[in-house]
Amino acid sequence: MGRADERRARQHRGGRRAAPKRSSRDASTDTGTGAETGTEGGIATATEPVTEPVTGGRAASRAAARGKSAKNSKGGKDGKDGKDGRSFLRRLFTWKKILGAFFGFLLLGMCGFIVLYLMIGVPVGNAAAVKQSNVYKYSDGSVLARTGTVNREIVDLSEVPKKVQLTFVAAENKSFYKDSGVDLKGTTRGLINTLSGKGKQGGSTITQQYVKNYYLEQDQTITRKLKELVISLKVDREKSKDYILAGYINTNYYGRDSYGIQAAAQAYYRVDAKKLTVEQGAYLAALLQAPSQYDWAVASDTSKKLVTARWNYVLDNMVGEGWLDKSERDAMTFPVPKDPKGAPGLEGQTGYLVDAAKKELARQLVAEGKADDTNSANALVDKGGWTITLNIDRKKQTALEAAVKSQLTSKLDAKKRKVDGNVQAGAASVDPKTGRVLALYGGTDYFKHYISNATRRDYQPASTFKPIILAAAMEEKARTQDGDLITPDTIYDGTSGRQVVDDGKKVGFGPPNEDDSDYGDVTVQTAMNKSINSVFAQMGVDVGMSEVMKVADELGLDTEGLQAVPAQTLGTMGASPLEMAAVYATLDNHGRKVTPAVIKTAEHKDRTVEFDSPIGDQIITPEAADAVTSVLTGVVDDGTAKVSVAQAKNRKGQQVAGKTGTSDENKSAWFTGYTPGLVTSVGLFGEDTKANKQVSLTGATGLISAGGGRINGGGYPAKIWATYTFGTMGKVTKFDLDTKLGAGVKPTASPTPTKSDTPTPTPTATKSDTPTPTPTPTPTPTPTPTPTPTPTPTPTPTPTISAPSTPTGGITFSPPVSDDDQ
């Protein structure tokens with residue numbers, strides 16, 4: 001072997017370049033060669049004297065070490081498994097093998113899909129005629145209603161204007177006329193979401209949605225999604241795009257119990273499908289994304305913004321696709337739908353109860369993953385075969401209806417007073433121990449007024465929100481600006497219009513009290529009794545409005561999207577009687593969360609539905625909840641509900657806690673109250689149904705002269721509450737309170753308000769411009785008491801306090817002001 005060959009051999013075995021070969025004279029002193037002594041390390045030239053062991057240099061040593069480690073490895077001995085220097089795992093998972101496995105699985109999947117494609121045929125469609133009826137029952141098992149007629153009328157696609165057809169394509173699937181009927185990305189996402197339990201699929205084509213609605217069940221399963229994919233491909237190949245689009249718009253659920261475009265056109269615009277405008281078609285197309293949420297008649301402000309944005313999206317897509325002229329689109333305005341009408345056969349309160357049960361069942365089907373979304377869930381319910389037992393107590397339901405009639409509706413006469421035709425009443429009654437909804441009052445008649453006043457949440461709860469502020473203060477152990485712990489005995493300034501202060505600075509908000517009454521220094525208990533706005537506006541800032549809104553959400557109010565600003569202390573958000581009943585039920589249940597449940601059981605031959613317990617976790621401490629309850633007994637015994645509730649003839653000594661509320665411009669009036677075993681919230685709402693807007697209740701019935709005829713929470717709502725509650729309560733009970741605070745455990749005195757109509761605001765002079773300028777308190781009171789400023793030091797300072805608080809350097813505030821309360 002030449003020198004170059006030998007050097008290459010050394011490099012190969014040793015892993016690095018070998019040292020130059022020594023001369024023959026040096027080599028003759030060694031007794032062996034690397035080939036003989038360094039066999040494990042490879043060929044190497046001997047570099048040490050004969051007396052030393054032959055090592056073959058550093059390269060050879062490393063090679064020898066590798067050989068030994070290979071010999072000791074699991075794979076085998078003598079370095080056979082490590083001959084290329086790689087571990088067993090590295091040799092097992094090579095790129096070639098990984099790619100091979102990937103393509104193998106891909107091929108296997110393709111083969112499996114081909115088998116599925118060959119095996120799965122297009123089934124017979126789900127005709128509306130095969131739908132079964134649903135049976136709704138009271139809690140005692142007696143039948144409430146039986147439903148089964150599906151509101152659907154199939155129309156030919158030629159009867160729908162072409163541009164209206166295109167609104168659905170623009171909304172759901174712009175590539176509809178070009179694609180093969182499936183969206184592989186969307187379907188894959190749906191499969192992953194199903195496997196991971198995330199629910200709604202999303203991303204389906206019009207063809208897939210039609211196949212799901214017409215050919216398949218609504219269950220959210222892998223099998224159904226795979227069938228949907230295969231059948232969609234086949235339907236797209238076998239049927240025309242017009243056939244598929246017609247099926248799609250005729251089978252979808254549009255809300256208001258309407259299936260298909262013809263029923264929807266009648267439900268929302270009172271016209272046949274052939275007379276729909278492009279604007280109206282765009283709304284119906286937008287509606288399919290969330291029919292219950294986007295129904296204009298019951299949509300919240302947020303939902304109205306969302307559906308308007310969706311409507312714009314549809315029309316803009318049409319312009320982008322060249323289906324609509326831009327100038328024509330720019331001239332379009334949002335087509336506000338007509339008011340809804342109830343379904344025949346569900347007259348009176350029956351329709352409201354059935355509707356509430358149906359919505360609760362649909363929510364649960366989505367929550368359990370048995371339906372993709374609300375649309376799918378409604379389709380499952382409407383398919384029929386359900387026996388749904390409600391928690392509604394038939395006797396209490398009858399009693400609630402009778403109470404509303406005797407105390408309110410019998411006194412209304414729309415022919416004499418226009419305002420009487422605008423009065424809407426709603427109520428919800430809940431058992432705080434079990435969470436069962438025992439009675440609901442949705443309105444005069446489901447057939448005449450489709451929207452349920454028991455569950456609508458578009459009116460302000462006003463001062464019924466004040467107990468939530470106190471609950472947050474007690475729970476957070478909050479302190480005033482002066483550092484005093486907030487309790488029912490804490491003193492606040494009750495001056496009307498007093499500017500709210502935060503860390504020594506005015507925040508630009510100073511709400512007036514009702515009738516602009518000044519109360520001077522008052523306790524929190526008195527402020528709750530008299531519903532003093534200025535006190536609770538300051539308390540909200542003392543607690544921290546973010547904390548107040550957090551507690552409100554935990555207690556049961558939907559605060560999503562609401563700003564944590566001082567104006568919320570006046571209850572300016574939207575809420576329903578059922579929501580307010582939930583909040584007060586949690587207080588009644590010593591701070592343990594109550595989520596009202598309309599349904600007792602829902603049975604079906606093909607599926608079972610398990611409902612969560614209405615009683616949840618401890619939201620606030622029992623001490624905080626019970627302190628609020630104790631304070632609220634004062635509202636009844638010595639406050640705004642005294643006449644209607646405390647002095648009711650059939651009270652029989654029953655202990656009651658509650659709160660009144662009257663909103664800005666008298667558009668709503670409330671009383672939410674409770675005994676230890678029953679919570680009921682009653683709301684009155686001013687609604688012009690023709691103009692679809694909120695209006696004032698002032699002047700309704702013509703029987704009230706106070707406040708210019710203003711309808712307060714302490715009036716008709718409290719009277720309805722008392723008539724119903726005391727008529728159904730059974731034995732008299734007392735609250736078991738874990739607190740030493742509030743009117744429920746000790747009596748409190750209340751000061752007399754003084755009117756601040758124009759006493760001192762007009763003159764700009766500050767303090768000396770008041771009657772009796774002398775500092776001594778002797779002139780007005782009785783002769784003796786110079787040392788008696790203890791009983792009521794408030795009356796004299798009242799006028800002095802009001803002067804500096806009203807005009808403060810032109811500070812203005814934008815939040816809405818509540819005209820609250822009694």
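Given the structure is predicted, the values throughout are model-derived calculations rather than measurements.
With Trp670 as the partner, the ring pair (Phe, Tyr, Trp, His ring centres under 6.0 Å) test is satisfied by one option alone out of Phe685, Phe465, Tyr584: Phe685. A side chain to side chain donor-acceptor pair (under 3.5 Å) with Tyr492 is found for one member of Asp542, Asp521, Asp484 and no other, namely Asp542. Considering Thr586, Val628, Asp626, Leu587 as possible partners of Ile620, the one that fulfils the side chain to side chain contact (heavy atoms under 4.5 Å, CB included) test is Leu587.
Ring to ring, Trp721 and Phe726 are close: their centroids are under 6.0 angstrom apart.
With rounding to the nearest 0.5 angstrom, the CD atom of Glu579 is 6.0 Å from the CG atom of Asp558. To the nearest 0.5 Å, atoms CD (Glu514) and CG (Asn533) are separated by 8.5 Å.
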- request: Given salt bridge (Lys or Arg N to Asp or Glu O under 4.0 Å), test Asp637 with Arg651 step by step and report yes or no.
  value: CA-CA 12 Å; Asp637 294 330; Arg651 182 184 180 186; 3.1 Å; yes

- prompt: salt bridge (Lys or Arg N to Asp or Glu O under 4.0 Å) between Asp458 and Lys304: does it pass, once the steps are laid out?
  reply: CA-CA 12 Å; Asp458 51 341; Lys304 285 180 178 179; over 6 Å; no

- request: Verify salt bridge (Lys or Arg N to Asp or Glu O under 4.0 Å) between Arg456 and Glu687, making sure each step is shown before the conclusion.
  value: CA-CA 12 Å; Arg456 70 186 305 167; Glu687 179 189 23; 3.2 Å; yes

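In this structure, Phe334 and Trp296 have tilted ring planes: the angle between them lies in the 30° to 60° band.
Under the side-chain hydrogen bond (donor to acceptor under 3.5 Å, both in side chains) criterion, Thr739 pairs with no residue at all, not counting sequence neighbours. In this view, Asn312 and Arg329 satisfy the side-chain hydrogen bond (donor to acceptor under 3.5 Å, both in side chains) rule, not counting sequence neighbours. By the side-chain hydrogen bond (donor to acceptor under 3.5 Å, both in side chains) test, Asp502 is found to be paired with no residue, residues two or more places apart in sequence or in another chain being considered.
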